[in-house]
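Written out below as C-alpha cells is the structure these notes cover.
Keep in mind that this is a model prediction, so the values were computed, not measured.
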Amino acid sequence: DSTAGGVAVLAAVTTRCSATIFNESGGDIRCAPTTITVSTTVGGLVPVGSAIKLGLAGQQAFKCIRTGAASAVVTVWEDIP
C-alpha cells in the first residue's frame, strides 16, 4: 500500500501489555505511533524478516509504511493480561 502517512496495523488498547510487529514483506518497512507521520525515512525501521517488540508503547495505535515499491505484509501479536 502506498498510502501517504502509513497504514494502521494496531489499534490503541490501554490494557495491552505489549505488542510485536513482524515484517513478512520482501522489503523493509517503517512503523510508528499514529501521532507521527510515518514515511520511508521516518519511523522505526523493521527490516525484512524482523520484528519490533513495542512493550508498553504497544498500548498506542501504530501504523506502518513500506520503504520500497513492493507491497508490505505484517503480522501483529498482542500480549493481553
Side-chain angles (χ1 to χ4, degrees):
D1 193 317
S2 58
T3 303
V7 175
V9 297
L10 185 66
V13 176
T14 57
T15 57
R16 185 184 298 131
C17 294
S18 181
T20 302
I21 299 172
F22 179 74
N23 180 4
E24 296 189 56
S25 306
D28 296 340
I29 61 172
R30 289 195 178 266
C31 300
T34 56
T35 56
I36 296 171
T37 301
V38 181
S39 72
T40 58
T41 59
V42 175
L45 181 65
V46 186
V48 175
S50 296
I52 183 170
K53 186 158 180 79
L54 303 173
L56 289 177
Q59 292 180 345
Q60 301 175 67
F62 267 74
K63 58 188 174 181
C64 298
I65 194 167
R66 65 186 186 196
T67 60
S71 293
V73 177
V74 301
T75 298
V76 178
W77 290 275
E78 296 184 45
D79 300 328
I80 304 171

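- In plain terms, the two heavy atoms of F22 and A51 that are nearest each other are CD1-CB, 3.8 Å.
- Using a 4.5 Å heavy-atom cutoff, the side chains of S39 and R30 are not in contact.
- A72 approaches S25 most closely through the heavy-atom pair CA-OG, 3.0 Å.
- In this structure, V42 belongs to a hydrophobic cluster whose other members, linked by side-chain heavy atoms under 4.5 Å apart, are I36.
- Using modelled atom types, no side-chain atom of T20 and backbone atom of W77 make a donor-acceptor pair closer than 3.5 Å.
- The side chain to side chain contact (heavy atoms under 4.5 Å, CB included) check on D79 picks up C17, S18, K53, with sequence neighbours excluded.
- For the pair K63/V7, no side-chain contact is recorded, criterion being any heavy-atom separation below 4.5 Å from C-beta on.
- Using a distance-only test at 3.5 Å, with no hydrogens or angles considered, no donor-acceptor pair links the side chain of E78 to the main chain of A19.
- Considering every non-hydrogen atom in both Q60 and P33, the closest pair reads OE1-CB, 3.4 Å.
- To the nearest 0.5 Å, atom CG of residue N23 and atom SG of residue C31 are 7.5 Å apart.
- Grouped with L10 in one hydrophobic cluster are V9, I21, I29, V46, I52, L54, F62, V74, V76, the linkage being side-chain heavy-atom contacts under 4.5 Å among Ile, Leu, Val, Met, Phe, Trp and Tyr residues.
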